[in-house]
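Just below is one structure, and these are the notes that go with it.
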Amino acid sequence: MYDPDGLKKAYDKLEHGRARVTAIRNAAEDADVHQDTPFRIFFRLDLCRESCFYGDSLDMMIVFPEVLAIIDRYPDTPVTAFNNNFRDSMAHILWVYKWVLNACGGFYQIPMSDCLKFLEDFKKRSLAYGYHLRSYYDHVYNFYYVIDKQKAEEAFHQFENTARDANSDCKACECNEMIDFYLRQGDLDRANRLSEEIENLSLRCHGAMMRAWLVLKKNYMHYYLRQHAFEEAEAYCRLIDPRRVKNEEFCYWDDFLYCYAYRDMGKALQIYRSHWKEWEQEREPSTLFDISLNCVSFFSRLATAGKKQTVKLSMDQTFCLYEESGVYRTEALYSYYYHKAKDLAQKFDERNGSDFYMECLRECVSFLES
């Protein structure tokens, strides 16, 4: 017998990841068979949530257009008991839409025309629902940051100057967004002023006492890494190490790898040995580019500062350079990650009509050679 409540409770007992995604997809298909429109939408949005926060967003990018097709056919669909903090299904969809906009720029496989359609569709639906465009401008900023810096900056200031509404992120999250922007602009004084309420914990992220504070520390870690100020960056790495904070959201292991390559090569090597396989399994191209770039820096440093022409690693046969002896040439590993980063950079820049990614790679190599 069809029991949507039971289906929800059953998949919630599963571990996050592929098994839960499959179970949610099966629940959505069951709702389709029974023409249960509220749950046809809800289950798909729950799949988006699982994909976005516990996967790599690819499943979300596949299923979300199905949600739009259903709501366009049944625009007055009510919410279920599981998502009744939204007044109707469209409010829930517009909230999840923000995750889609965050992710679509990270897949070079999604054509530019489709990315722009998502942005325009989100804008139209937001206005039709009575929302302001604060969230829209925020996502225009993030999308264009790697394409057109001027357009991105204009969108950011429109975001700043547009009123908040029910689809806005929490005040702490938006404050961290502003802090990151001004850090990227090199305006450390303004970023520091904006940080005060999060630093003293008077501004928090929806009841999560430390989340906004940790995101703040991540922003500053990235700022100092961009400045090549590795001693300062290391202090932030230690603060947000997920083994310390017990939160998988802050698993910035490839960034830690990059930092420790300049501060503690033994720790950097330990990080690589622990995480190489999950990095090989990464499916989101923009994340994979960042990982590859950090690995380029690591193996360059291992060869120069570490003076290692070879390194002993416990890889398995899934690794394309697998050596039964377990001994790998650092030059070969550097080349492997360099060419992976270059391939991704070229694909992104071709899609975006810019040279942002290739310039990141050139700057990385230039700094290593300096």
Side-chain angles (χ1 to χ4, degrees), residues 105-108 142 144-149 152 180 183-186 218-234 236-237 240 251-273 275-276 278-280 282 284-309 311 313 319-321 328-370:
F107 289 89
Y108 64 79
N142 282 300
Y144 276 99
Y145 183 80
V146 300
I147 301 171
D148 184 331
K149 289 291 180 64
D180 183 60
L183 287 173
R184 290 179 182 275
Q185 294 290 101
K218 178 265 294 183
N219 288 338
Y220 277 87
M221 176 188 72
H222 284 158
Y223 168 76
Y224 285 113
L225 287 176
R226 290 192 297 269
Q227 300 297 314
H228 305 136
F230 298 106
E231 182 176 358
E232 291 84 350
E234 183 186 9
Y236 291 96
C237 291
I240 62 178
C251 290
Y252 303 111
W253 289 115
D254 62 298
D255 290 321
F256 300 157
L257 176 80
Y258 175 45
C259 182
Y260 287 123
Y262 286 87
R263 298 292 299 165
D264 186 337
M265 186 58 74
K267 184 170 287 190
L269 187 56
Q270 182 182 23
I271 289 171
Y272 181 81
R273 284 172 169 153
H275 297 281
W276 72 268
E278 69 193 58
W279 294 339
E280 286 295 302
E282 175 62 50
E284 185 164 344
S286 63
T287 301
L288 185 56
F289 174 80
D290 292 338
I291 290 168
S292 300
L293 205 61
N294 286 331
C295 287
V296 165
S297 295
F298 167 64
F299 282 110
S300 176
R301 289 285 296 170
L302 190 63
T304 54
K307 298 181 180 179
K308 286 183 175 289
Q309 294 184 343
V311 60
L313 298 169
F319 189 58
C320 69
L321 300 182
Y328 295 83
R329 292 185 303 112
T330 51
E331 182 182 353
L333 292 164
Y334 170 92
S335 180
Y336 169 69
Y337 286 107
Y338 174 84
H339 285 99
K340 182 179 285 191
K342 183 178 180 181
D343 177 63
L344 289 164
Q346 290 173 335
K347 288 174 177 175
F348 272 114
D349 286 345
E350 181 179 1
R351 194 276 303 268
N352 294 340
S354 71
D355 67 347
F356 176 88
Y357 284 89
M358 280 301 298
E359 184 59 28
C360 287
L361 181 57
R362 286 192 290 266
E363 288 179 2
C364 172
V365 173
S366 176
F367 176 70
L368 291 170
E369 293 175 347
S370 63

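Contact annotation: the side chain of Glu280 approaches that of Trp276 to within less than 4.5 Å [non-hydrogen atoms, C-beta and beyond]. Here the side chains of Tyr334 and Glu331 are not in contact, with every heavy-atom distance at 4.5 Å or above. Residues Met358 and Gln346 meet the side-chain proximity criterion, which asks for heavy atoms closer than 4.5 Å. Residues Ile291 and Trp253 have side chains not in contact (no heavy-atom distance under 4.5 Å, counting atoms from C-beta outward). Using a 4.5 Å cut-off on side-chain heavy atoms (C-beta onward), Tyr145 and Phe356 make contact. Residues Glu363 and Glu359 are in side-chain contact: their nearest non-hydrogen atoms beyond the backbone lie under 4.5 Å apart. Tyr338 places none of its side-chain heavy atoms less than 4.5 Å from the side chain of Leu293. Between Lys149 and Arg184 the shortest side-chain heavy-atom distance does not fall below 4.5 Å.
Here NE2 of His275 is found 9.0 Å from CZ of Phe256. Values are rounded to the nearest 0.5 Å. Separating the CZ atom in Arg301 from the OH atom in Tyr258 is a distance of 9.5 Å, to the nearest 0.5 Å. Between the CG atom of Leu225 and the CD atom of Glu234 there is a distance of 11.0 Å, given to the nearest 0.5 Å. Distance check, rounded to the nearest 0.5 Å: CG of Leu333 to CG of Leu313 gives 6.5 Å. With rounding to the nearest 0.5 angstrom, the CD atom of Glu282 is 10.0 Å from the OG atom of Ser292. In this structure, Asp255 CG and Ile240 CD1 are separated by 8.0 Å, a value rounded to the nearest 0.5 Å.
Nearest heavy atoms, Ala332 versus Leu321: O-CD1, 3.8 Å. Across all non-hydrogen atoms, the minimal contact from Arg351 to Phe107 is NH1-O, 3.0 Å.
Counting non-hydrogen atoms of other residues, nucleotides and ligands closer than 6.0 Å to CD of Gln227 gives a total above 12. When the shell of 6.0 Å around CD of Glu350 is examined, it contains 12 or fewer heavy atoms from other residues, nucleotides or ligands.
Note: Tyr357 and Phe289 meet the aromatic proximity criterion, with ring centroids under 6.0 Å apart. If you look at Phe298 and Tyr260, their ring centroids are not closer than 6.0 Å.
A donor-acceptor pair is defined here as one N or O able to donate and one able to accept, closer than 3.5 Å; no such pair exists between the side chain of Asn219 and the backbone of Leu183. Formation of a donor-acceptor pair under 3.5 Å by the Ser370 side chain with backbone atoms of Phe367 is found in this model. For the pair Ser297 (side chain) and Cys364 (backbone), a donor-acceptor distance under 3.5 Å is absent. Formation of a donor-acceptor pair under 3.5 Å by the Ser366 side chain with backbone atoms of Arg362 is not found in this model. At least one donor-acceptor pair closer than 3.5 Å links the side chain of Thr330 to the backbone N or O of Lys308.
Among Leu257, Val311, Asp254, the one residue that satisfies the side-chain contact (heavy atoms from CB on, under 4.5 Å) test with Tyr272 is Leu257. Considering Lys218, Lys267, Met221 in turn, Met221 is the only one that fulfils the side-chain contact (heavy atoms from CB on, under 4.5 Å) rule with Cys237.
Here Tyr336 pairs with Phe319 under the ring-ring contact (aromatic ring centres under 6.0 Å, His included) rule; sequence neighbours left out.
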